[in-house]
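What follows is a single structure, written as structure tokens, with notes after it.
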Amino acid sequence: MTVRRANAFDLHVPAPRARPGDKPDFSDWSFPEPGDTPRPEVDAPAAELRDFAYGLIRVLDLGGSAQGPWAPRLGADALRRAMKSMLLTRAFDERMHRAQRQGKTSFYMQCQGEEAISIAQATALAPDDMCFPSYRQQGILIARGYPLVDMMHQIYSNRLDPMKGRQLPVMYSSKKYGFFTISGNLATQVPQAVGWAMASAYSGDGRIAAAWLGEGSTAEGDFHAAMTFAGVYRAPVIVNVVNNQWAISSFQGIAGGENTTFAARGVGYGVPALRVDGNDFLAVYAVTQWAAERARSNLGPTLIEHFTYRAGPHSTSDDPARYRPADEARAWPLGDPIERLKAHLVGLGEWSEEQHRIAQEEAIEIVRAAGRDAEKVGVLGVEGAHEIGSMFEDVYKDMPWHLKRQREEAGA
Amino acid sequence: MTVRRANAFDLHVPAPRARPGDKPDFSDWSFPEPGDTPRPEVDAPAAELRDFAYGLIRVLDLGGSAQGPWAPRLGADALRRAMKSMLLTRAFDERMHRAQRQGKTSFYMQCQGEEAISIAQATALAPDDMCFPSYRQQGILIARGYPLVDMMHQIYSNRLDPMKGRQLPVMYSSKKYGFFTISGNLATQVPQAVGWAMASAYSGDGRIAAAWLGEGSTAEGDFHAAMTFAGVYRAPVIVNVVNNQWAISSFQGIAGGENTTFAARGVGYGVPALRVDGNDFLAVYAVTQWAAERARSNLGPTLIEHFTYRAGPHSTSDDPARYRPADEARAWPLGDPIERLKAHLVGLGEWSEEQHRIAQEEAIEIVRAAGRDAEKVGVLGVEGAHEIGSMFEDVYKDMPWHLKRQREEAGA
Amino acid sequence: MTSMTMIQALNSALDVMMSRDSKVLTFGEDVGYFGGVFRVTEHLQQKYGAKRCFDAPINECGIAATAIGMAAYGLRPVIEIQFADYMYPAYDQIVSEAARIRYRSAGDYTVPMTVRMPYGGGIFGGQTHSQSPEALFTHVAGLKTVIPATPYDAKGLLISAIEDDDPVIFLEPKRVYNGPFDGRRDKPVQPWSKHPASEVPEGYYAIPLGKAQTVREGGDLTVLAYGTMVHVALAAAEDSGIDAEVIDLRTLVPVDVEAIVKSVTKTGRCVIVHEATRTSGYGAELTALVQEHCFYQLEAPIERVTGYDTPYPHALEWEYFPTPPRIIKAMRRVMES
Amino acid sequence: MTSMTMIQALNSALDVMMSRDSKVLTFGEDVGYFGGVFRVTEHLQQKYGAKRCFDAPINECGIAATAIGMAAYGLRPVIEIQFADYMYPAYDQIVSEAARIRYRSAGDYTVPMTVRMPYGGGIFGGQTHSQSPEALFTHVAGLKTVIPATPYDAKGLLISAIEDDDPVIFLEPKRVYNGPFDGRRDKPVQPWSKHPASEVPEGYYAIPLGKAQTVREGGDLTVLAYGTMVHVALAAAEDSGIDAEVIDLRTLVPVDVEAIVKSVTKTGRCVIVHEATRTSGYGAELTALVQEHCFYQLEAPIERVTGYDTPYPHALEWEYFPTPPRIIKAMRRVMES
Ligand SMILES: Cc1ncc(C[n+]2csc(CCOP(=O)(O)OP(=O)(O)O)c2C)c(N)n1
Ligand SMILES: Cc1ncc(C[n+]2csc(CCOP(=O)(O)OP(=O)(O)O)c2C)c(N)n1
Ligand SMILES: [Mg+2]
Ligand SMILES: [Mg+2]
């Protein structure tokens, strides 16, 4: 029998590398070199793919050249389009963050530093593949050409808000653009995506589903449900874990990141899992394409961990300087996704500093114009933007007696 | 962009190897040989232990000799004690199953074929380590010497039932014996065990916790919660997945067993995971001892998958011949745990057919005697076994006014 | 017309809908090959294939969530939660998601799913096989909650639930799955075949949601009940000698307030019966509705006969279960007030 | 005595209990270093160490479950669910486990844990940051449900909750965390320091669970309220010119039925106010209780002023929120009946 050692115990509570006042230092981190990771066949058995969960697929080196077998064949036009979407996303975030600060709405969430993920993935997926995003994938809507002004109407909860002012800002929904209605409850969308993919497989229509959640949200039981069902029924779905190192004030160690990678979760279910540099547009594009091809070939789900950094605050409700060094984002060893794609395009001779500056200004101008239009319609809090009666609609397809009565009571 | 292949899809629904009418055939299964698996140091890093999740730790060969580095040093007395507990457990199950059939109670659940697991583990754990069982670990109580007659009182919901007739049969509870109150809701006990272990670590008292759940129950979100918290806080806990191939009528593929092992779930969290032949008493003892030592050395949690076969029905409420070949249990390639320990003891010269027969008869007699005592007190449905008023007790520590009023209403 | 048990009627509803509409599929724990622990989905896998009727992992959250995804895709999934007691892990998906997706997306996405669950006690199932959680659903805007009491209603209501474009919680009174138990434990068990409401058409028919049914006419007192308790209330009415009107609500949300008001306006007295714990049970809502609508007609306090505010006990199950004598006592008190 | 906001008072309660009893510890999402998104646990990690105040993974089920395990071990964990809207994943562990462990083990194991959660709307939080799920707890035997309305009560009740040997659901009205909002959006915001109930002793004191408080005496009508709605009800009483008695229930289960009955017996009229959706809300239970106990004293139907039976909307938040004018309308109707 094992020997009892009283008081040998200690409750381990993970702590991040640096807190406000500390100097962020990633110098002891090391990553596989760009180009070093092999690209397996999409029909490789999951058991042979386990190592990918512990590596990091990289294509762009920090100088901007594309390396190795994962380098995708993407034309310069497509890359420039993607660049413009990334710039638009960043400009949009900046303006809407400011709009909230100016009291024009109640809440906003940026995706600063994570733009490559949604935009590369939207580029790799078919336009009618179905997306089940979290609140930080506005890039998908932007890349798919959803009108910015409609996003703003939603954020302002104004008269033209497609969600009729019912949802918190950024909780978009668009069936037409293959974008599922965002939930405030973390991770619930992931098993829903699996169900959608099962339905697609059942119906044989060839569309696949993709879901996104933060590394913090992988702790939720819904993620486990999603992985279990996806594995069991081999659903054509891509589950994307965006590991941006933070979940509000909690570093990724609180979600289990001290013990293994988040991609390793996939290994646990026998689901192929790839870990990718999320700030590397080309790598994200390439792994998504690989996973999509797997799904479309009836080979089932893939988990992708996007290794990135949340450069902005969690939302307009928090100040990250209270829980992490203010300059940690700048110290991030894998750079900024826009700068890295820019270096690549410039290196290819397909882009220039000047073109970049103009594109940035254009993005700002497009956002400004959309902002003007949206604000003309109204910002949050304009009386009468929605008639009271609309509050009682869409609870059910047909309004039952008790809601009719309550509508009357409300004077509508 | 990937090519759309409409109608390439198919919804995969796992199906077992054999259904009623089919011949059970495990001839294509292969396992590592007894003794072939190395025994790592308890402080080996989780990343070096991954392979153990895909192997099978075996000590006893089918002839009954103990092989290799996992062979534990356990004296013949301890082995004979364990054998007697296993025989007692089987005799107890047989009688109580019959008692339910005779209408003496509403429900019963056997652990036939799985006796080695709880009894080897109870032997390896310290008597005051805390157990969070599912409904199939009656062997722990029996090995720890909990009075059989009290188990029967519980099963009969009679006047002396320590749970006052409140719980379904087999839902035991005994703080004194380190046995947590069993829940009807699957897997809820697993994260509770982690919390208990965290409390123990916080308090530094040197006790560890262990939890059990079926392979089917690993699908529940509570299992994910347990693994996440256990990993993050390095809780001194052993999580035991009893993979008995079936969850009522669903084979283990419905819980994800087609894609990888259940031990692999641990790999997903970076938690060391061992896979063991659950019908091999010595192997189960050895891995439990290893995991307990890890936990006691402040090295955190271990997951153990016990690979076994549910030889009986799920409970008295079902007839397994409706969903699996009636002779599948007999075809199980890893034998019966009692027979295998018996062969070992006989091989050591510490046991004989005759001793076995006597021990079996003794077990039956002990159970019969306890049964007589319990039935004298009463079986389920005896009027007045519990006074009505007791129904309102223990909802809260102190009875609030509304329960007092309801008690009056009930005429108590 | 065939005589069916409630199990058979539910099975027939699924069969009819699966044969009419390839968008209907059903899954849940042990639902596939085995046909469900209560056998409601028996033969459906054999008839429609494993892709339309299959086993699910033991994860009620995942069962609900994947059904939501399927419904958003355009299918009409019918899921089984093995016992209502095990719906809690699915509660978030049902309450925060299924119930709100139409509203939050302003009709962009909808969730036409049906959640079947056996509920209620009287089978010596103990505290985790006996619960009646209907009030946890009636409080949630966006859900409809339905409880049949007979084979005929079970089939017609389940068909309506499947055809409904909103999520429907369909609670099945397991105590009367195989026979119309009326709470008289001493009387011999009746089979459904002796009950007129076991005459069930083999084909398609629908009973509209939101409509109650008066199952006994009476002038002195109104008893509101649903599920198993309808039979118990009828027995109580019979044994009491009181001229009681018994209303089977059938749908709890939206409730048929007109039928309730009409009856209580006539009788001036009301007893409400359910098996769930009393505090904040659905009986509280019914009490509130009745007193809001019929205050001036009420001649006595409304009484609730319910499960007690304790977990469902095993040995004392019959002390917990609202039996005819308990209901009669309440009826007398209300009559004498 | 210091003037404290409700946040500070709650923080002080935790501080007092952690310093008195090493068995008290607290955890939840962002609760550790950051001190909670509403800052209720600020400085506690710095003062008591990371082992007594720490961040948890985003898994409310795990937070509740590990707390149950700790409580079974003998500690007194206090957990924070970041918003009440996110309690659903923890619901099974709270309802099926925490609430029943004492009962099912016949007292062998107990669960002295406190579950803190900010609830309620009025902060433009939309449907997943505004819910009032109290009725989902009041229906569950084995739980106590507490809702303070002032800093003084918040501290005294939280201390009692932590000391209680049963699981306590402690709902915090986040709209009045920083000031006593009374529903008059046009009036300047008052800080707590202007409110007498912000005078809070720095040390230990306890307010017994199960006791309501009459916060305004009156003879014509009783208003029952809790949390934020206490302040709104007071404003309504003031503005209405009606001589209303306002009762702050403070504990919902076990509710102080004596205080309610005494008041309604005196006034003969009753209005109930809560923010949760109406159907099957806690107001239904209060209505049922009042009519059961005071039927012959009631001179008018009891009215409920509540959130509507819809998800909590974002833009129309103030149309949804039960404001003084809505309450006054109901008071008038009740007075004129
Ligand atoms: C069920 C649930 N619990 C808690 C929250 C509160 N919450 C909102 S965002 C967040 C952090 C999420 O972090 P992560 O998943 O890493 O995503 P990120 O914000 O980094 O993109 C938390 C705790 C919630 N929205 N839902
Ligand atoms: C939350 C929950 N869902 C469903 C059930 C019904 N149920 C009881 S046992 C069981 C099968 C469990 O199988 P497994 O975990 O493999 O354990 P085993 O019975 O094989 O020991 C099911 C589905 C339950 N008790 N709790
Ligand atoms: Mg994150
Ligand atoms: Mg099993």
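Reminder, nothing fancy here: chain letters follow the sequence lines and each chain counts from 1.
Comment: D:Glu303 does not engage D:Lys329 in a salt bridge, judged by the lack of any side-chain N to carboxylate O separation of less than 4.0 angstrom. Salt bridge absent: D:Arg326 and D:Glu319 never bring a charged side-chain N and a carboxylate O closer than 4.0 Å.
In terms of heavy-atom pairs under 4.5 Å with chain C, the best-connected choice from D:Val255, D:Thr279, D:Thr287, D:Thr138 is D:Thr279. Ranked by heavy-atom pairs under 4.5 Å with chain D, the first of C:His314, C:His293, C:Arg100 is C:Arg100. In terms of non-hydrogen atom pairs under 4.5 Å with chain D, the most contact-rich of C:Gly281, C:Gly283, C:Gly142, C:Pro313 is C:Gly281. Interface remark: of the candidates D:Phe295, D:Tyr308, D:Tyr88, D:Phe295 forms the most heavy-atom pairs closer than 4.5 Å to chain C. Note: D:Arg304 leads D:Glu292, D:Arg304, D:Gln127 in heavy-atom pairs under 4.5 Å with chain C. Contact count against chain C (heavy-atom pairs under 4.5 Å) is highest for D:Ser337 among D:Ala90, D:Ser337, D:Ala276, D:Pro133. Highest contact tally toward chain D, considering only C:Met87, C:Arg278, C:Glu299, is held by C:Glu299 [criterion: heavy-atom pairs under 4.5 Å]. Comparing D:Ala141, D:Cys61, D:Ser280, D:Ala300 by how many heavy-atom pairs each has under 4.5 Å with chain C, the most go to D:Ser280. Taking chain D as the reference chain and counting heavy-atom pairs below 4.5 Å, the highest number among C:Thr277, C:Leu289, C:Val140, C:Asp309 is found for C:Thr277.
C:His129 has its ring centre less than 6.0 Å from the ring centre of C:Tyr86.
At a cut-off of 3.5 Å, with distance as the only test, a side-chain donor of D:Thr267 or D:Thr222 sits close to an acceptor on the other residue. Donor-acceptor pairing under 3.5 Å is lacking for the side chains of D:Tyr119 and D:Glu275.
Checking side-chain atoms of C:Gln297 against main-chain N and O of C:Gly268 turns up no donor-acceptor pair under 3.5 Å. Here the side chain of C:Thr251 pairs a donor or acceptor atom with the backbone of C:Gly210 at under 3.5 angstrom. Of the possible donor and acceptor atoms, one in the side chain of C:Tyr91 sits under 3.5 Å from a partner among the backbone N and O of C:Leu136. For D:Ser263 (side chain) and D:Ala259 (main-chain N/O), no donor-acceptor pair under 3.5 Å exists by modelled atom type.
With a 4.5 angstrom heavy-atom cutoff, D:Ser96 touches chain C only via side-chain atoms. With a threshold of 4.5 angstrom between heavy atoms, D:Tyr296 approaches chain C through side-chain atoms but not through N, CA, C or O. Residue contact with chain D, scored on non-hydrogen atoms closer than 4.5 Å, involves the side chain of C:Gln131 exclusively. Within the 4.5 angstrom heavy-atom criterion, only side-chain atoms of D:Thr128, from C-beta onward, approach chain C. Looking at D:Leu286, neither its backbone nor its side chain comes within 4.5 Å of chain C, counting heavy atoms on both sides. Contacts between C:Ile272 and chain D at a heavy-atom distance below 4.5 Å are absent for every atom of the residue. Only the side chain of C:Val253 has a heavy atom closer than 4.5 Å to any heavy atom of chain D. At a 4.5 Å heavy-atom cutoff, D:Val290 makes no contact with chain C through either its backbone or its side chain.
Heavy atoms from other residues, nucleotides or ligands lying under 6.0 Å from NZ of D:Lys266 number more than 12.
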